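Here the structure is laid out as structure tokens; the discussion comes afterwards.
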Amino acid sequence: QVQLVESGGGSVQAGGSLRLSCAASGVTFSSSCMGWFRQGPGKEREGIASIEGDGTTTYADSVKGRFTISKDNAKNTLYLQMNSLKPEDTAMYYCAKMGGGWWCPLLSQFRSVRNIWGQGTQVTVSS
């Protein structure tokens, strides 16, 4: 059974940084696609970063150059380093195991595969 637990959220001023973690069990990172998503108030959930089993990463334009997804296969932990945070980054952030293979679907098409979600961690960025 896959279980994902996010941590590291909090409140920060614009321009600041946060590092989110996602501790996973029941997942083999080297053969799985993992992703970070967020859902702001009144908005749909959006995919912001993904990492394939071989370490290939993809980012949404909204976070490219500011956020970095990484993983530690030995610790079964997924990370999201967030720099230069903006008020519009305020959202609940979720990690997910995307689909059943090592490759990742397009972030915009995450609903085309079966995703397993964590409970989320709140990030609030003030101006």
Side-chain angles (χ1 to χ4, degrees):
Q1 182 179 0
V2 176
Q3 290 190 329
L4 305 172
V5 180
E6 301 94 335
S7 61
S11 297
V12 63
Q13 289 192 328
S17 298
L18 284 174
R19 188 194 196 201
L20 305 184
S21 298
C22 173
S25 59
V27 180
T28 303
F29 269 26
S30 59
S31 58
S32 298
C33 167
M34 301 296 295
W36 284 101
F37 297 76
R38 67 185 182 187
Q39 188 165 10
K43 298 182 179 179
E44 292 190 349
R45 188 168 299 191
E46 64 168 331
I48 57 173
S50 64
I51 185 166
E52 296 187 332
D54 65 355
T56 301
T57 58
T58 302
Y59 297 93
D61 289 343
S62 58
V63 306
K64 197 173 294 182
R66 300 188 298 123
F67 292 9
T68 302
I69 187 172
S70 63
K71 61 179 179 172
D72 186 326
N73 288 349
K75 294 183 178 180
N76 255 25
T77 302
L78 183 71
Y79 302 100
L80 185 68
Q81 178 66 44
M82 306 187 294
N83 300 328
S84 302
L85 283 161
K86 306 175 181 179
E88 51 263 43
D89 294 319
T90 294
M92 185 70 79
Y93 283 71
Y94 301 89
C95 68
K97 179 181 182 301
M98 301 170 65
W102 61 268
W103 56 270
C104 292
L106 295 176
L107 287 168
S108 60
Q109 297 181 6
F110 72 91
R111 293 181 181 84
S112 67
V113 297
R114 178 176 177 266
N115 302 296
I116 301 174
W117 303 96
Q119 85 288 350
T121 186
Q122 177 68 37
V123 172
T124 302
V125 185
S126 58
S127 57

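Just so you know, these numbers come straight off a predicted model, no measurement behind them.
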* **L78-I48 co-clustered via ILVMFWY side chain contacts under 4.5 Å** => yes
State whether K64 and D61 are salt-bridged, where the test is any N-O pair (Lys NZ or Arg NE/NH1/NH2 against Asp/Glu carboxylate O) under 4.0 Å. yes
Smallest heavy-atom separation, R66 atom then S84 atom, equals NH1-O, 3.0 Å
Answer yes or no: is there a donor N or O on one side and an acceptor on the other, between the side chain of N115 and the main chain of F110, under 3.5 Å? yes
Is a donor on one side and an acceptor on the other found under 3.5 Å between the side chain of E6 and the backbone of C95?
yes
Check: So do S62 and E46 actually touch side chain to side chain, heavy atoms under 4.5 Å?
Finding: yes
Between K71 and S32 the two heavy atoms that sit nearest each other are NZ-O, 4.4 Å
Side chains of V123 and M82, heavy atoms from C-beta outward: is any pair under 4.5 Å? yes
**Message:** Starting from W117, can I reach V5 by hopping between I/L/V/M/F/W/Y residues whose side chains sit under 4.5 Å apart?
**Reply:** no
Rounded to the nearest 0.5 angstrom, the CD-CD distance for Q122 and Q39 is 11.0 Å
Interatomic distance, OG@S31 vs CG@D54, rounded to 0.5 Å, equals 11.5 Å
Non-hydrogen side-chain atoms of T121 and S7 separated by less than 4.5 Å
no
**Message:** Under 4.5 Å between side-chain heavy atoms, counting indirect links through other Ile/Leu/Val/Met/Phe/Trp/Tyr residues: same cluster for L80 and F29 or not?
**Reply:** yes
Taken to the nearest 0.5 Å, the spacing of K97 NZ from M34 CE works out to 8.0 Å
- Query: Under a 4.5 Å cut-off applied to non-hydrogen side-chain atoms, are M98 and P105 in contact?
  - Reply: yes
Interatomic distance, CD@E52 vs OG@S50, rounded to 0.5 Å, equals 6.5 Å
Margin query: Does R111 have more than 12 heavy atoms from other residues, nucleotides or ligands lying within 6.0 Å of its CZ?
Written below: yes
- Does T77 use its side chain to pair, donor to acceptor, with the backbone of A23 at less than 3.5 Å? no
*Taking the six-membered ring for Trp, are F67 and W36 ring centroids under 6.0 Å apart?*
no
Should Y94 and L18 be counted in the same cluster of Ile, Leu, Val, Met, Phe, Trp and Tyr side chains packed under 4.5 Å apart? no
Problem - Residue pair Y59 / T68, side-chain heavy-atom distance below 4.5 Å - result: yes
When rounded to the nearest 0.5 Å, the distance separating OG1 of T56 from CD1 of I69 is 11.5 Å
OH of Y79 to SG of C22, rounded to nearest 0.5 Å, is 10.5 Å
Query raised in the report: Can you find a heavy atom in the side chain of Q13 that is under 4.5 Å from one in the side chain of L85?
Result: no
**Asked** Do V63 and L20 share a hydrophobic cluster, counting only Ile, Leu, Val, Met, Phe, Trp and Tyr and linking them when any side-chain heavy atoms are less than 4.5 Å apart?
**Response** yes
